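Scroll down for the structure; my scribbles are underneath it.
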Amino acid sequence: MKIVKLETFATPFVGFVRATSETGATGWGQVSTYNADITCTVFHRQIAPHALGTDALDFADTLNLIQEREHKFPGSYLRRAMTGLDTALWDLRGRLEGKPVATLLGGSPGPVRAYASSMKRDITPEDEAARFVRLRDEKGFTAFKWRVGAECGRDQDEWPGRTEEVVPVVAKALGDGIEKLVDGNSCYSPRRAVEVGWMLEDNGIGHFEEPCPYWEFDQTRIVRETLNLDVAGGEQDCEFTAFRSMINEHVVDIVQPDVMYLGGMHRTLQVCKMAAAKGLPVTPHAANLGLVTMCTMHLLRAIPNAGKYLEFSIEGPDYYPWQEGLFLGDPYAITDGHATVTDAPGWGIDIDPAWLDRAAYQVSETA
């Protein structure tokens, strides 16, 4: 069954891909968010020409072929564009077979425990604590993550003293029986990260994400070797060489690939296998309610070394106005702190036609 048409529907933030086979079967995927309109141009220039006419169901080697044909362009944009092809073809196969992707991967539909993930730094500790407590009581979340430091902050805080205030205020408000995580977003030098880490340990936080500049593996390893809590990372990395070093050199305790940044499910599964071989859990990065969170839900229902929970963004239209109106219905309902992979075929989602009508359209197809 050959691929005969590849279409994209894009805004600057989101780009959906529709793959069509010679039989008329279709599947929906997504390129990675952010500059998605640029990524869709890359898709039609550097992905579609290699994919058209290839097998729509057995496509792992097509992804390898694309990497080889485009070997002068390693890195983020090519991987973000590859994701659109990969995720659309998984959905196409799932729809053909009447199975969710989780089942195609060897897993099953069902609940996925979620942690409520804050993306905000421009929020006071008191306001962060208040909304966490509300979500704990209303949605049943049993784990929460919030931000410390400033993004790539060179040891500077979002404002002076915020980290020292937000950590104990939020931790105390959540109380016992709640797992607590923080994200440094590449803020700290090893010395400062260790200082912050000791404070985190004193306040019952068990997960310290991306404490040092993510590309400085030696710095992150120092923090991991010094602290007792789990150090996590990997969300920004998109090449296997980085993950091999990160995993084999035990830079982190928890590996965090992003399905969309990395190039799709096939490539993410390879990283999961690398981590499993070293006994490391995988807790993927999934920081918005585009398709990345649904892909991650299916992944976590299938891999043997799934981490304890799914990252689940709690930000609404005030923070992510572009994620409103993407899908019909509510594929991301939370019940008792869990999201659910249904038994619907493919990803189990339907894109809102009204959103597609507003998006910029491009098509590549066989002659």
Side-chain angles (χ1 to χ4, degrees), residues 3 5-11 13-21 25-34 36 39-40 42-44 46-48 50-52 54-64 66-67 76-97 99-105 107 238 257-272 284-303 310 323 326-327 331-332 341-342 344-351 355-356 359 362 364:
I3 303 167
K5 183 188 291 187
L6 293 166
E7 302 163 277
T8 59
F9 304 77
T11 71
F13 290 96
V14 180
F16 288 115
V17 174
R18 179 164 59 191
T20 302
S21 77
T26 61
W28 285 97
Q30 185 191 310
V31 301
S32 185
T33 46
Y34 306 116
T39 305
C40 284
V42 173
F43 179 89
H44 287 283
Q46 296 181 275
I47 304 299
H50 307 303
L52 289 168
T54 66
D55 196 320
L57 301 182
D58 184 8
F59 59 92
D61 195 54
T62 301
L63 300 174
N64 293 332
I66 291 168
Q67 176 173 292
S76 180
Y77 270 109
L78 192 69
R79 303 302 173 222
R80 288 166 177 253
M82 288 171 67
T83 297
L85 177 68
D86 173 284
T87 52
L89 294 179
W90 278 109
D91 188 59
L92 186 152
R93 180 183 163 193
R95 290 171 184 258
L96 274 177
E97 297 187 20
K99 299 175 182 177
V101 173
T103 300
L104 300 180
L105 298 176
C238 65
D258 183 301
V259 173
M260 295 284 161
Y261 297 171
L262 184 54
M265 295 298 285
H266 269 300
R267 287 173 57 81
T268 303
L269 287 167
Q270 291 182 64
V271 169
C272 293
H285 176 253
N288 62 75
L289 299 183
L291 191 57
V292 62
T293 295
M294 185 59 67
C295 293
T296 303
M297 289 161 56
H298 284 255
L299 178 74
L300 291 173
R301 289 289 308 177
I303 59 173
L310 162 80
Q323 74 180 16
L326 296 178
F327 307 116
Y332 291 131
V341 175
T342 71
W347 300 120
I349 55 94
D350 292 300
I351 300 166
W355 188 95
L356 296 172
Q362 295 183 73
S364 297

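Only a predicted model underlies this, so the values are computations on that prediction, with no experimental measurement involved.
- By the side chain to side chain contact (heavy atoms under 4.5 Å, CB included) test, A359 is found to be paired with F9, W355, residues two or more places apart in sequence or in another chain being considered.
- Partners of K99 according to the salt bridge (Lys or Arg N to Asp or Glu O under 4.0 Å) rule, which considers only residues two or more places apart in sequence or in another chain, are E97.
- Screening V14, L356, I351 against L326 for a side-chain contact (heavy atoms from CB on, under 4.5 Å) leaves a single residue, V14.
- By the side chain to side chain contact (heavy atoms under 4.5 Å, CB included) test, D61 is found to be paired with N64, residues two or more places apart in sequence or in another chain being considered.
- Considering all non-hydrogen atoms of both residues, Q30 and L291 come closest at OE1-N, 2.8 Å.
- Interatomic distance, D350 CG to W28 CH2, rounded to the nearest 0.5 Å: 10.0 Å.
- Note that NE2 of H44 and OG1 of T8 are 3.0 Å apart. Values are rounded to the nearest 0.5 Å.
- Residues passing the side chain to side chain donor-acceptor pair (under 3.5 Å) test with S32, sequence neighbours excluded: R80.
- In this structure a side-chain-to-backbone donor-acceptor pair under 3.5 Å is missing from Y77 to F43.
- Scanning for salt bridge (Lys or Arg N to Asp or Glu O under 4.0 Å) contacts around R301 gives an empty result, with sequence neighbours left out.
- Shortest non-hydrogen contact noted between P257 and L262 is CB-CD2, 3.9 Å.
- Looking at residues two or more places apart in sequence or on another chain, you find no side chain to side chain donor-acceptor pair (under 3.5 Å) involving T20.
- Of the inter-residue distances, the one linking T293 atom OG1 with W347 atom CH2 reads 12.0 Å to the nearest 0.5 angstrom.
- The aromatic rings of H266 and F59 sit perpendicular, their planes meeting at an angle over 60°, well past the 30° parallel limit.
- Of the possible polar contacts, one joining the T83 side chain to the M260 backbone as a donor-acceptor pair under 3.5 Å is found.
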